[in-house]
Enquirer: 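There's a structure below that I have some questions on.
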There are 2 protein chains.
Amino acid sequence: MPKARAWKDALYHEFARVGKALASPRRLELLDLLSQGPKSVESLAHELEATVANVSQHLRILAQAQLVQSQRSGTFVIYRLAHPHIVALLHQIQAVSEGLHAEIREWRQACLSDRDALPPVTTQELQQLIASGDVYLIDVRPAAEYAAGHLPGALSVPLPEVACHFQHWDDSRPIVAYCRGRYCLYAQDAVEILRQHGVKSRRTEVGVWEWPGGAPVE
Amino acid sequence: MPKARAWKDALYHEFARVGKALASPRRLELLDLLSQGPKSVESLAHELEATVANVSQHLRILAQAQLVQSQRSGTFVIYRLAHPHIVALLHQIQAVSEGLHAEIREWRQACLSDRDALPPVTTQELQQLIASGDVYLIDVRPAAEYAAGHLPGALSVPLPEVACHFQHWDDSRPIVAYCRGRYCLYAQDAVEILRQHGVKSRRTEVGVWEWPGGAPVE
DNA sequence: CAAGTATTCTCTTGATTACTTGAATAGGGA
DNA sequence: TCCCTATTCAAGTAATCAAGAGAATACTTG
């Protein structure tokens, strides 16, 4: 039945177009950054510490696979994910990868836990804290990412400004920092900065877009 | 901060190992077949209409990414998925791909619907039918895949045997055929065979492993 | 132990991909 | 209109990957 073979070949060829787009570390990191909100080529290149030309080419490949869309805004070109499902796909890959390759778990432990005095805040805990309202919930990502979506009740305190803000705060309320996700070090760094100023704080277990209630509020 | 870059590079490199494994149509089809149950290299090569050597190499790549595991059984080597999460990852890729590339939907419509007199059975409908017990629910996949897991109450009627079995059945009970999934033509073929014998039947909308209740019973 | 077979390994060829560098394009602001 | 800047294009090189053919391996069965 050669007809059935042709149909299957075409079908899996299409699926592999998505697979090929996910086959490069650079492109996975680009998608991860774009999951935090729309960004320009230049800012993506800066975050990746890669050349603009290189990032531009990777974005072209992602656009050909229709995983991202671009849109001109002034002199910049702004890229965004083409569909919210892609965030779920990313997390699925990361989950499978972490499930299969124990070294990732170990790295994460090594990077995140040994510097961390206090254990991270679990999702349930944070939900209770938000409901009670008695918490400084700080979003330590860049302000643009906060603007693209954040947890309910969160304050935007980008990492470089953490050291300035806390001084005017009530000492008795707990401080909880969150960032891009499981593999982002920003919240970890914020907690460390605060600790060096003698202020206790904790980070969340997961990032914004892993929040169970779905998309965060604007 | 070059240390953070090194950590990120290593991390996304690991994620990309999974991505690279998913970047080939052949490997995606292999994973899809393995999601139906463990199989030998030879039977996989036969289904893919590829050489054994070629399939063996693709399996090696999948094994290096730790997506599949092998185990010797007699003179055969049996491969299986390393983790049930991988099925979810596959379906996620297919969903994103189908969401982005409209042509896949069109192909599927063209292949599946025009030959089909009766509309497919929805998941809710089938659940009601199974609960009532008043249905011939036939699993038209190869017997080995039925053995590896099937829907509750299903009969194993491999495609080549469909023409023999139906004759002893009660005409008044409805017949519903299911197969590997959304992109498998077996159930479609079974319905067509039955129609040529003057018997009405329908196929399900989804396959075994897309069943909402999770893994099927043994 | 020997024969037979399923599977894997090795090597080669051709094709695809990644990254860099330098030039070109295309808007926006003066 | 002209310049300025963000982005893209193009060319070249190094590296990686896909697929096939044939040899080698590993295991079972007699």
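Naming convention: chains lettered A, B, ... in sequence-line order (proteins, then strands); numbering from 1 in each chain.
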Enquirer: Between B/Glu42 (CD) and C/dA6 (C1'), how many Å, whole number?
Expert: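 About 7 Å, once rounded to whole Å.
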
Enquirer: Roughly how many Å is it from CD1 in A/Ile61 to C1' in C/dT16, rounded to a whole number?
Expert: 11 Å

Enquirer: For the side chain of A/His58, counting heavy atoms from C-beta on, which of C/dA6, D/dT7, C/dC19 is nearest?
Expert: C/dC19

Enquirer: Among D/dT8, C/dT7, D/dG22, which is the nearest nucleotide to the side chain of B/Val77?
Expert: C/dT7

Enquirer: Can you see if the side chain of A/Tyr79 gets near the phosphate of D/dA6 - specifically, an N or O under 4.0 Å from OP1 or OP2?
Expert: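 Result: no.
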
Enquirer: If the plane angle is over 60° it's perpendicular, under 30° parallel, otherwise tilted; pick one for B/Tyr136 and B/Trp169.
Expert: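 Parallel: the ring planes of B/Tyr136 and B/Trp169 meet at under 30°.
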
Enquirer: Would you say B/Arg72 reaches C/dT7's phosphate, i.e. side-chain N/O to OP1/OP2 under 4.0 Å?
Expert: no

Enquirer: To check you understand the geometry: which heavy-atom pair defines the closest contact between B/Arg141 and B/Tyr186, and what is its length?
Expert: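 That closest heavy-atom pairing would be CA-CD1, 4.2 Å.
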
Enquirer: Applying a 4.0 Å non-hydrogen cut-off, can you work out what B/Thr75 is touching in the nucleic acid: base, sugar-phosphate, or nothing?
Expert: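 Sugar-phosphate, backbone atoms only, no base.
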
Enquirer: Rounding to an integer number of Å, can you tell me how far A/Phe76 CZ sits from D/dT5 C1'?
Expert: 9 Å

Enquirer: Closer to the 5' end of DNA chain C via nearest nucleotide, is it B/Arg60 or A/Asn54?
Expert: B/Arg60

Enquirer: Can a side chain N or O of A/Ser56 be found less than 4.0 Å away from OP1 or OP2 on D/dT7?
Expert: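 No, because none of the side-chain N or O atoms of A/Ser56 sits under 4.0 Å from OP1 or OP2 of D/dT7.
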
Enquirer: In terms of the nearest nucleotide of DNA chain D, which residue is placed more toward the 5' end: A/Ile78 or A/Gln57?
Expert: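 Its nearest nucleotide being more 5', the pick is A/Ile78.
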
